[in-house]
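Convention: sequence-line order gives letters A, B, ...; per-chain numbering from 1. We use all heavy atoms of the structure for the numbers below, so side chains are in, but hydrogens, waters and symmetry mates are not.
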2 protein chains.
Amino acid sequence: MEDEEKTFLALEAFIPYKLNRAAELVSRQFARIYKDRAGLTRPEWRTLATLGQYGTLTATAIGAHSSMHKTKVSRAVQSLEERKWLKRSIDEQDRRVERLALTREGARNYRELAQLAHAFQLKLRDVMGETDFDALDRGLAAVEARLGKDISM
Amino acid sequence: MEDEEKTFLALEAFIPYKLNRAAELVSRQFARIYKDRAGLTRPEWRTLATLGQYGTLTATAIGAHSSMHKTKVSRAVQSLEERKWLKRSIDEQDRRVERLALTREGARNYRELAQLAHAFQLKLRDVMGETDFDALDRGLAAVEARLGKDISM
DNA sequence: TCATAATCGTTGCATATGTAACAATCCAAT
DNA sequence: ATTGGATTGTTACATATGCAACGATTATGA
């Protein structure tokens, strides 16, 4: 791994590749939970999770908190609304805005999935080992701290 | 972060989310390099990188090494062939198979991008700090070691 | 040998995604 | 008050992706 002109690259040692690969592996595992259990897509899961965490929000705010493009949010909100897991209400102070909140049923499903998410995280920590898990967590936090200030999509 | 029924989830502390977020942030940065510099898509970059690393390969082998679905590989190979960055030749021992290899021009562009990739990684390490970078690297390796044995796509 | 199964790479199709444009609404500055 | 400029959320369109089916070829095994 020294300096010999660097005209060669080992993809499996390249951080962008490793990051994407690990993210895919982990996401795929967790996606099985919310897909099998609730038939949710990832944008739908994220929207549910964000509303569950923050309560009533606008679509724009959901996108900011969950790092999703506004069209993703728009479509996920529409889908969750059709399921009756969330309700919209127009903000009378600013009629461009919709206030979005989970319904009772949406909240119930959120709580169930939140528990499964915690269980997943614990299991992952168990499988990886505490030390490596904490290393990962620390490294990801550093990425966020250094690169996270610009892009929101 | 204790045990109180876990009916609530902080998305920004949830590893699958953090991983995806970090992967997006880093990938977006690096993608700018191969997009601006060479007009490559991510599947094309990965295909180029894999052929540059391993030499002549079949499409299936490229998918295995770069974790890409075979249709992604197929389309990326087609695109790189049109650019004349790689050439196909049918394996006479097994005529189902195509042997893929970079052309001189493909190899030239690979070397250039490989250098930029190394520079990117060094810069990332610099920006993150050595300790956090190494923690990330270690954590990602652990994910790969524990979850990487099943899925290849 | 012959038939069945497996493998390789491509393509049709449906879905997922981002960009750009848009209508509606609000804000700022005259 | 009015006009030009932002902002909010939706949609049309083009592209990207994965799945399933396919033709061609090779391997297996009766």
Side-chain angles (χ1 to χ4, degrees), chain A residues 20-21 23-25 27-28 31-32 34-36 39-47 50-51 56-82 86-101 150-153, chain B residues 20-21 23-25 27-28 31-32 34-36 39-47 50-51 56-82 86-101 150-153:
Chain A
N20 271 290
R21 168 94 176 142
E24 271 171 32
L25 287 171
S27 285
R28 212 178 291 274
R32 255 187 276 179
Y34 57 71
K35 275 176 187 155
D36 292 355
L40 293 176
T41 65
R42 183 155 56 163
E44 287 159 14
W45 151 248
R46 279 200 189 173
T47 298
T50 305
L51 284 174
T56 301
L57 288 177
T58 68
T60 298
I62 291 174
H65 284 300
S66 62
S67 308
M68 289 197 295
H69 191 273
K70 62 181 181 173
T71 60
K72 261 189 192 167
V73 176
S74 175
R75 284 152 181 157
V77 164
Q78 190 172 351
S79 169
L80 291 175
E81 184 190 29
E82 283 164 9
L86 69 76
K87 59 183 185 310
R88 313 188 194 219
S89 52
I90 291 169
D91 185 327
E92 288 302 331
Q93 254 52 49
D94 182 346
R95 305 224 324 261
R96 293 170 302 183
V97 164
E98 294 176 336
R99 326 234 15 152
L100 305 168
D150 47 346
I151 298 162
S152 55
M153 184 193 58
Chain B
N20 272 290
R21 167 94 177 142
E24 272 171 31
L25 287 172
S27 285
R28 211 177 291 274
R32 255 186 278 181
Y34 58 70
K35 277 177 185 153
D36 292 354
L40 293 176
T41 65
R42 183 155 56 164
E44 287 160 13
W45 151 248
R46 280 200 188 174
T47 298
T50 305
L51 284 174
T56 300
L57 288 177
T58 68
T60 298
I62 291 174
H65 285 299
S66 62
S67 309
M68 289 197 295
H69 192 274
K70 62 181 179 172
T71 60
K72 261 188 192 168
V73 176
S74 175
R75 285 152 180 156
V77 164
Q78 191 172 351
S79 168
L80 291 175
E81 185 190 28
E82 283 164 8
L86 69 76
K87 59 182 185 311
R88 314 188 194 219
S89 52
I90 292 169
D91 184 326
E92 288 301 332
Q93 254 51 50
D94 182 347
R95 307 224 321 261
R96 293 169 302 184
V97 165
E98 292 176 335
R99 326 235 12 153
L100 305 168
D150 46 346
I151 298 162
S152 53
M153 185 196 59

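- A/Met68 has its CE atom 14 Å from the P atom of C/dA16, to the nearest Å.
- Atoms CD1 (A/Ile90) and C1' (D/dT8) sit 12 Å apart, rounded to a whole Å.
- Both B/Arg42 and A/Thr58 lie near DNA chain D, and the one whose nearest nucleotide falls closer to the 5' end is A/Thr58.
- Of the candidates C/dT17, D/dT10, D/dT17, C/dT17 carries the atom nearest the A/Pro43 side chain, counting heavy atoms from C-beta on.
- From A/Glu98, atom CD reaches atom CG of A/Leu86 across 9.5 Å, with rounding to the nearest 0.5 Å.
- Pairing each heavy atom of A/Leu40 with each of A/Lys35, the nearest pair is O-CG, 3.2 Å.
- Interatomic distance, A/Thr50 OG1 to A/Leu57 CG, rounded to the nearest 0.5 Å: 7.5 Å.
- One atom, CD of A/Glu81, and another, C1' of D/dG9, lie 13 Å apart when rounded to the nearest Å.
- Atom CG in B/Asp91 sits 10.0 Å away from atom CZ in B/Arg96 (nearest 0.5 Å).
- For A/Arg75 and D/dG9, a side-chain-to-base donor-acceptor distance below 3.5 Å is absent, hydrogens and geometry of angles not being considered.
- At C/dT11, none of the side-chain N or O atoms of B/Ser74 fall inside 4.0 Å of OP1 or OP2 (strictly under the cut-off).
- Taking OG of B/Ser27 as the reference point, atom CZ of B/Arg42 lies at 5.0 Å (rounded to 0.5 Å).
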message: How would you summarise protein contacts on nucleotides 20-26 of chain C per nucleotide, using B for base, S for sugar-phosphate only and - for none, with heavy-atom distances below 4.0 Å?
response: B----BS
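- B/Thr41 contributes atom OG1, which lies 10.5 Å from atom CZ of B/Arg46 (distance to the nearest 0.5 angstrom).
- Set against C/dG9, D/dT8, C/dT11, the side chain of A/Val97 has D/dT8 as its closest nucleotide.
- Of all nucleotides listed (C/dT17, C/dT10, D/dT11), C/dT17 comes nearest to the side chain of A/Lys72.
- At the heavy-atom level, A/Arg88 lies under 4.0 Å from the strands shown only through sugar-phosphate atoms.
- Atom P of nucleotide C/dT17 and atom CG of B/Asn20 are separated by 12 Å, given to the nearest angstrom.
- A donor N or O paired with an acceptor N or O is not found under 3.5 Å between the base of D/dG9 and the side-chain atoms of A/Arg99.
- When the nucleotides D/dA16, C/dT17, D/dT8 are ranked by their closest atom to the side chain of B/Thr41, D/dA16 comes out on top.
- If you measure from atom CD1 of B/Ile62 to atom C1' of C/dC8, you get 13 Å, rounded to the nearest angstrom.
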Just list the side-chain donor-acceptor pairs under 3.5 Å for residues 74-81 of chain B, sequence neighbours left out, or say none.
residue: B/Ser79; atom: OG; partner: B/Glu44; partner atom: OE2; Å: 2.8
residue: B/Glu81; atom: OE1; partner: B/Arg88; partner atom: NE; Å: 3.0
residue: B/Glu81; atom: OE1; partner: B/Arg88; partner atom: NH2; Å: 3.1
residue: B/Glu81; atom: OE2; partner: B/Arg88; partner atom: NE; Å: 3.2

